[in-house]
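Working notes for the structure below.
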Amino acid sequence: MILETSIEDFLIWLPQALAHFGIMAAIVALVALVVGFLVAAVRHGPLAAGDMTYRVLSAAALDLLRISPRRIMAIAGLAVKEAIRRRVWVVFVLFALVLVFAGWFLDPNSQDPAELYLDFVLWWTNLLIIFLAIFLSTFSLPNEIKNKIIYTIVTKPVRSGEIVLGRMFGFGAICTGVLLVMGLLSYLFVVRSLRHEHEILAADVNNSGAGRTTREQDHQHGYRLLSGDDQDPATVENWTDFASGHRHQIFTDVEDGEQVYRVGPREDLEIARVPILADEENFYMIERDGQRGRGISVGQEWGYRRFIEGNTPMAAVWTFGNVNEQRFPHGGILIERTLRIFRSHKGDIEKGLAGNMFLRNPSTQLRSAPFPFTAREFVIDSAWIDREVETEGKDGSRRTVDLFDELVSEQGNLEVWIQCMEPGQYFGAARPDLYLRSDNKPFAWNFCKGYAGIWFQVVLMVSFGVMFSTFLSGPVAMLTTVGVLILGIFATSFVNPLTESVIQSDIKIMAGGGPIESLIRLVTQQGIMMELDDTAGTRAAKMADRALMYGMRGVVSLMPDLSRFDDARFVSQGYDVPDDLIYQQATITVGFVLGTFLAGFLFLRMREVAK
Amino acid sequence: MSERKTLIRKLVYGAFMVVLFVPLSMMSQPATKESSGGILARLRKTHKLSQAELGDIDPSSATMKLATMGMGGVAVNLLWERANEYKKKEDWIALGATLEQIVKLQPHFYKVWDFQAHNLSYNISAEFDDYHDRYTYVIRGINFLKQGFEKNDSEPRLLNRIGWYIGQKIGRADEHKQYRRLFREDWNNLFHVTDNPDRTPEERDNWLVAREKHRLAEDLADTLKSRNIYLKTTPLLFYSEAPKSQINYAETRQLEGRFLQPDERSETKRAWETARAEWREYGQRQLPTSFGIEIRLQDLENQEKLAAELTAEIEALLPGVRERLRDEKLAGFAADIREAIRTPFEHRTHDQMALAAEHEYKTAVNWDEVADQAPADQRADAKRLSNALMRAEAQVNAISTERGKVNYEYWRTRGDAESEEITLEARRLTYEAGDQMDRANVDKAIPLYEEAWKKWREVVDRYPRMAGESVSADELVEDINRYKKALSFYGQKFPQPFILQEVIDVAEMKIIYTPEQLAEMEREAERKAEQKNGDE
């Protein structure tokens with residue numbers, strides 16, 4: 001699992017988020033008030049302006065208090081009818097076309113077709129529904145104002161707030177309906193495309209219980225069957241090897257005195273893994289000198305993982321909190337890991353790199369005997385640790401202890417250490433590369449959670465679209481909302497590093513400078529890493545860029561960061577979408593809906609038509 | 001009034017559209033059986049740009065291009081950015097999907113296929129630790145090129161690249177033993193099943209499949225040449241790949257010890273004989289060069305002979321004229337420059353070297369100038385001779401340069417020598433001695449080595465280039481060093497002078513033969529061999 005930014009616990013995140021929201025809301029409100037007052041003051045004089053501002057605010061507050069849910073629902077109903085009249089079903093046709101011709105664009109021989117197929121349907125759903133939301137929400141109100149249909153509404157006892165909120169609810173509802181249908185179609189498409197069954201013929205299983213399944217969907221799996229301790233095969237879980245990004249469980253049975261094998265459905269279409277990750281501060285590396293540190297960089301461009309050198313004291317350490325038998329009731333814990341390998345010499349090509357894993361009590365420093373393993377890349381390697389664990393003293397003495405009683409500290413913490421055993425070779429790891437497995441969640445539910453991320457984005461786009469449509473014409477409102485979408489998508493990956501690099505004059509964050517500096521570089525054909533000549537002109541350009549970037553930073557801080565809404569990556573990689581993330585997204589959405597509603601309401605109130 | 005204005009405006013626009021429509025429709029008229037169509041259809045045909053001429057028509061590609069609504073360039077740019085990002089973040093699944101999209105938008109851009117196939121086979125494959133995964137990505141790159149060729153079936157370079165990857169990547173990587181085995185087994189049905197399931201196990205050798213692909217590329221290039229479509233790569237190297245693959249096949253058989261049993265030995269000998277014949281056939285091929293003339297690599301000796309004969313003829317016709325002209329040119333230079341140029345190359349001081357390098361070319365007298373000095377009645381003959389001589393010299397110059405690029409003489413000699421029974425025997429003894437060393441049977445290794453050196457002496461006497469070029473000498477010296485170790489194990493001294501002393505001297509760069517010296521040594525050996533055959 002790749003997780004470049006950590007997901008905070010919702011209850012820790014909420015106070016900070018509320019504080020940030022409060023500050024931003026206060027700043028926006030203050031700026032709006034001052035600007036409104038100044039405009040009024042220029043036109044009518046300061047005293048009259050003060051009076052007008054007070055009257056607008058008090059009337060608006062009164063208006064808000066008198067909002068009627070019944071009228072909102074009526075407006076929402078109208079919005080739904082309008083959307084249907086505007087042939088919203090075209091989106092279904094488009095989506096169906098995409099699914100019908102998906103085979104043209106998807107490679108069934110991909111390393112992991114499930115990830116590819118899921119990414120594909122989620123991406124197309126996201127694209128179509130977002131554009132539907134933007135299109136519906138931005139053209140409705142301006143068209144009604146242009147066609148004067150709005151008069152039939154405003155002449156009724158309907159308040160501005162109700163018009164805005166009703167539209168948000170109406171378009172939100174219709175998009176939700178469309179999204180539900182698209183979700184259902186996507187689910188059926190993915191499951192039907194990927195579901196397959198292998199067979200194991202008893203004759204193909206060799207003496208050591210190994211063999212290969214039948215070939216289905218261009219792949220087959222290897223396996224090695226384990227026999228149960230008490231001669232009952234049902235007590236042992238048998239799994240195939242990973243192939244095409246998944247594995248299957250193997251069930252053994254005896255029929256008419258003969259051993260028979262049944263291969264279950266692919267694991268990742270049945271379940272979503274629930275990883276319990278170590279906290280950010282509880283993942284670290286032990287350096288060569290035995291001290292805590294950050295590990296080695298092996299010169300990879302992507303600094304996500306740090307490396308530990310083999311046959312040295314170096315180790316990667318994860319500390320997990322709240323480890324107890326209530327949380328792991330199955331008589332042990334399942335650890336899953338995905339390590340990276342870096343070889344500084346060829347070594348033995350035929351063999352993988354050997355490593356050791358052991359558990360340690362962070363308080364008593366009692367450690368288990370090592371669990372040796374051979375590292376495998378790009379697949380999830382799992383290790384089941386029984387509750388009865390053999391420990392190893394400093395003098396090499398061994399004794400068996402209870403995992404939860406002696407290896408977990410009194411505070412409920414457990415350390416997992418990984419070491420590479422091969423001299424001159426390296427293991428790379430990041431915090432999410434090793435985790436404890438909790439009970440699985442159903443895949444279908446996780447799929448729904450993946451769609452929740454899309455739904456939040458739809459709601460956000462509808463809110464922004466309706467808000468912009470209260471004071472802009474249809475096409476302009478649409479372009480502006482698309483602008484919000486683009487800024488939201490690229491905020492973290494592009495806009496924020498760009499603004500920071502220009503404001504701090506630090507090319508390490510992002511090279512090339514702001515728009516004016518970039519233009520100079522383009523025209524004079526100077527590379528982005530070259531320092532521009534220090535002339536008055538370039539200084540002025542950089543200063544202007546800085547001013548622009550301050551403005552950009554301000555604008556971006558008022559927009560939702562849509563990269564936080566990408567739940568699809570969890571679904572496509574087979575992991576449960578963390579509940580904390582969903583709560584955070586829901587909170588952000590509510591905040592923006594509230595903000596855009598208030599802004600939309602005030603803008604509409606100020607327009608001649610709605611007075 | 002305003003409505004009337006609007007109407008007029010619309011009518012004017014309409015009229016313009018109609019007027020523009022006429023030339024547009026004439027320009028874009030499609031070709032039919034009777035007519036060659038409008039200018040666009042004709043240009044498309046001339047430059048072979050229509051989809052059907054380039055390769056398979058792919059509806060998904062056309063859909064993608066249409067869907068981007070003229071923003072294909074922007075989309076491709078974004079996709080390349082994403083591909084780089086995915087590569088950086090090791091997201092191979094997303095990278096694969098992105099590459100599929102890129103090639104759908106740029107299906108006829110050779111560089112896209114070449115670049116991304118290299119990415120898959122060389123860069124991404126190296127990211128995996130398990131050699132099975134690495135092999136999978138090497139084949140992915142190869143299959144990506146095959147996919148490219150399906151869409152660009154007039155692009156021999158793609159076939160050439162396929163051959164190169166199958167040969168060089170599978171056959172020369174650190175993991176070549178494992179890769180060659182997986183390729184022969186067609187592990188996971190990655191290649192042969194879809195490429196050609198009828199190959200025999202031996203035909204599944206990566207070098208032989210590489211040769212097959214290179215031959216296909218050559219056939220295609222020849223067909224295109226007949227349609228005046230020329231290769232967009234260096235023909236000298238392009239046509240060398242197939243025979244080189246055969247050489248590599250034969251060489252790999254030796255390195256893997258597949259010549260110890262009699263049936264394998266005859267097969268390896270046959271492989272070398274084929275390699276020898278193919279390399280000579282390559283030498284006979286007419287090749288364009290960057291000198292603006294066409295050459296045959298095999299022609300050097302003939303052209304040198306011709307040049308020598310013509311020089312003698314022209315010297316006989318106009319004795320001493322060339323020297324006189326040179327002296328006249330030299331007379332125009334300062335004394336120190338004259339001195340520098342007149343001093344033989346090996347005796348020049350550092351300063352003289354610099355002076356000669358700067359001015360010597362100005363004193364060169366070409367044969368045309370010599371012919372100009374001929375009396376009027378002999379001038380026509382002199383001109384005819386000088387022209388022929390300059391052509392021959394140009395050939396000599398171009399062939400020598402081009403031969404150097406592909407190490408032509410060395411591989412020609414290798415082919416000749418390795419096809420001989422004596423060389424195979426020398427190799428067998430060396431291989432078996434090495435094998436005994438690996439098994440720590442030093443006592444058995446020593447006599448085998450000593451027997452081998454005698455055979456090698458015979459080989460080197462017959463083919464001096466086998467010892468005279470460092471490529472072979474380095475190889476042999478590795479074995480000689482093992483022999484030294486074996487002797488020292490028993491406290492014995494390495495014999496001085498050693499029977500293959502010049503091999504050691506060449507490897508240690510104590511002797512560096514010039515191409516002329518090597519050629520002379522070869523001629524001498526040839527003469528001796530002929531004399532021996534005559535005596536017998």
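Bear in mind that the values here come from a model prediction, so they are computed numbers and not experimental data.
- With a 4.5 angstrom heavy-atom cutoff, B:Glu127 touches chain A via backbone and side-chain atoms both.
- Atom CG of A:Leu118 is separated from atom CD1 of B:Ile93 by 11.0 Å, given to the nearest 0.5 angstrom.
- Annotation for B:Glu202: atom CD counts as buried by contact number, over 12 foreign heavy atoms lying within 6.0 Å.
- With contacts defined as side-chain heavy-atom distances shorter than 4.5 Å, the pair B:Glu90/A:Gln300 qualifies.
- Looking only at heavy-atom pairs under 4.5 Å with chain B, the residue among A:Ile2, A:Ile341, A:Asp119 that has the most is A:Ile341.
- For A:Phe378, the part sitting under 4.5 Å from any heavy atom of chain B is the side chain, from C-beta outward, and nothing else.
- Between chain B and the options A:Arg305, A:Glu4, A:Arg376, heavy-atom pairs under 4.5 Å are most frequent for A:Glu4.
- Of the two parts of B:Asp91, only the side chain, counted from C-beta on, holds a non-hydrogen atom closer than 4.5 Å to a non-hydrogen atom of chain A.
- Interface remark: of the candidates A:Lys351, A:His219, A:Glu115, A:Glu115 forms the most heavy-atom pairs closer than 4.5 Å to chain B.
- Interface residue A:Glu350: backbone and side-chain heavy atoms are both found under 4.5 Å from chain B.
- With sequence neighbours excluded, the residues that form a side-chain hydrogen bond (donor to acceptor under 3.5 Å, both in side chains) with A:Glu267 are A:Arg247.
- Residue-level contacts of residues 169-181 of chain B with chain A, in order of numbering, are B:Asp174, B:Glu175, B:Gln178, B:Arg181; threshold 4.5 Å between heavy atoms.
- With sequence neighbours left out, A:Lys346 forms a salt bridge (Lys or Arg N to Asp or Glu O under 4.0 Å) with no residue at all.
- Using a 4.5 Å cut-off between heavy atoms, A:Arg569 does not touch chain B at all.
- Residues A:Arg343 and B:Asp129 are paired through a salt bridge, judged by an N-O separation under 4.0 Å between the basic side chain and the carboxylate.
- Within a 6.0 Å sphere centred on CH2 of B:Trp164, heavy atoms belonging to other residues, nucleotides or ligands number 12 at most.
- Atom NZ in B:Lys89 sits 10.0 Å away from atom OH in A:Tyr304 (nearest 0.5 Å).
- When heavy atoms are compared at a cutoff of 4.5 Å, A:Arg215 approaches chain B solely by way of its side chain, counted from C-beta outward.
- Contacts with chain A (heavy atom to heavy atom, under 4.5 Å) involve no residue of residues 76-85 of chain B.
- Between A:Leu116 and B:Ala97 the shortest heavy-atom distance is CD1-CB, 3.3 Å.
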